Asks: 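Here it is, the structure, as structure tokens.
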2 protein chains.
Amino acid sequence: MGYLSCLDTVKPVRDAIEVINGKWKLPIIISVMTGNERFTDIQESIPGITPKVLAKELKDLEQHQLIKRVVVDDYPVKILYKPEPYADTLTPIIEALKGWGLNHRKKIFEKE
Amino acid sequence: MGYLSCLDTVKPVRDAIEVINGKWKLPIIISVMTGNERFTDIQESIPGITPKVLAKELKDLEQHQLIKRVVVDDYPVKILYKPEPYADTLTPIIEALKGWGLNHRKKIFEKE
DNA sequence: TATAGCGCTTTCCTAAAGGAAAGTGAAATA
DNA sequence: TATTTCACTTTCCTTTAGGAAAGCGCTATA
């Protein structure tokens, strides 16, 4: 019989997950917010990420208006990735995940 | 040259993502924390989830000690899924995602 | 006896994620 | 002139996620 409705929470959580899903989006946002602007710098700041994946995820994040791709017309042309103001709204999520991750690792180590 | 290190944040965030990854884990935790205990109730409380996926994710969540599977020896046998205390530590993450998701939906609607 | 409910499992399938390695074109540097 | 850097792209491949549909063993109910 009747189940308890949890849609008020489940729906918005799913909306958020859809934007920041996958292994790489939050790490990339964190890197860009930390101040990494160049493709290569972002890549080197995130262990294990490949250029193919990075390029694809940067495009996704641009579409969601979390970062912007800036072409600087020096010679030679420079490409910079900068956080949009909207990226700041992700800070509570990032902090919550960071805190949980730190605690979780501590918990795992205590056990084994 | 040198990139800025963001590993202090990226690493724990990735640890957290590894546990709650995918489309369904948080919705299931939310449903169980809301009070849904039976397999069928959980399934009905989360639109779109199939029994195969639910069964698999419930096993994952049990392994991470976020929920427990309780066999009640009535006749007939009842199977209940209950949140472990550790699930409560996910509340800040869930709340952050919920808040962001609500705001994001508002933002999208304003635009179009 | 037939049907329904519960908690799944099984099979089959597609799509998306992700990784490895190499390459590319333009410009800078040695 | 040769090499390196930058910002990618391309190809190929494997893995994982996830969905659709059916079925299964058990019990309860009509």
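Only a predicted model underlies this, so the values are computations on that prediction, with no experimental measurement involved. A, B, ... follow the sequence lines: proteins, then strands. Residue 1 opens every chain.
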Asks: Any heavy-atom pair between the side chains of A/Thr91 and A/Met33 that's under 4.5 Å?
Replies: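 SC-SC contact between A/Met33 and A/Thr91 confirmed.
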
Asks: Measure across A/Leu7 and B/Pro47 and return the closest heavy-atom pair with its distance rounded to 0.1 Å.
Replies: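 Nearest pair, atom of A/Leu7 first, then B/Pro47: CD2-CD, 3.5 Å.
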
Asks: If you look at every heavy atom in B/Arg14 and A/Trp24, which pair is closest and at what distance?
Replies: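 Result for this residue pair: NH1-CZ3, 3.3 Å.
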
Asks: So, is A/Arg38 close to the D/dC8 phosphate, meaning a side-chain N or O under 4.0 Å from OP1 or OP2?
Replies: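 Checking A/Arg38 against D/dC8: no side-chain N or O falls below 4.0 Å of OP1 or OP2.
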
Asks: Protein within reach of the bases, or only the backbone? For nucleotides 21-30 of chain D, mark each nucleotide 5' to 3' as B, S or -, using heavy atoms under 4.0 Å.
Replies: ------SS--

Asks: Could you check how far CD of A/Glu62 sits from C1' of D/dC8, rounded to whole Å?
Replies: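 Going from A/Glu62 (CD) to D/dC8 (C1'), I get 14 Å.
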
Asks: Pull out every residue in residues 11-33 of chain A that has a heavy atom closer than 4.0 Å to any atom of DNA chain C, ordered by number, or say none.
Replies: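 The answer is A/Gly22, A/Lys23, A/Trp24.
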
Asks: Pick the nucleotide of DNA chain D nearest each of B/Lys56 and A/Thr40; which residue has the one closer to the 5' end?
Replies: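 It is A/Thr40 whose nearest nucleotide is closer to the 5' end.
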
Asks: Should A/Thr50 be listed as having a side-chain N or O under 4.0 Å from OP1 or OP2 of C/dA20?
Replies: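 Negative; the distance criterion is not met.
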
Asks: Parallel, tilted or perpendicular: which fits the ring planes of B/Phe39 and B/Tyr81, with parallel below 30° and perpendicular above 60°?
Replies: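 Correct class here is tilted.
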
Asks: Would A/Val32 end up clustered with A/Val71 when hydrophobic side chains under 4.5 Å apart are linked, directly or stepwise?
Replies: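 In one cluster: yes.
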
Asks: With a 4.0 Å cutoff (strictly under), does any side-chain N or O of B/Tyr81 reach OP1 or OP2 of C/dC8?
Replies: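 Answer is yes, contact under 4.0 Å.
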
Asks: Atom CD1 of A/Ile94 and atom CD1 of B/Ile93: how far apart are they, to the nearest 0.5 Å?
Replies: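 A/Ile94 atom CD1 to B/Ile93 atom CD1 measures 12.0 Å (nearest 0.5 Å).
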
Asks: Can you see which heavy atom on A/Lys98 is nearest to which on B/Thr9, and at what distance?
Replies: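 Here A/Lys98 and B/Thr9 meet closest at NZ-OG1, 3.4 Å.
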
Asks: OP1 or OP2 of C/dG7 less than 4.0 angstrom from a side-chain nitrogen or oxygen of B/Lys59, does that happen here?
Replies: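 For B/Lys59, the contact criterion (side-chain N or O under 4.0 Å from OP1 or OP2 of C/dG7) is not met.
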
Asks: Has the side chain of B/Ser31 got a donor or acceptor atom that lies under 3.5 Å from a matching backbone atom of B/Ile28?
Replies: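 Checked: no pair found.
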
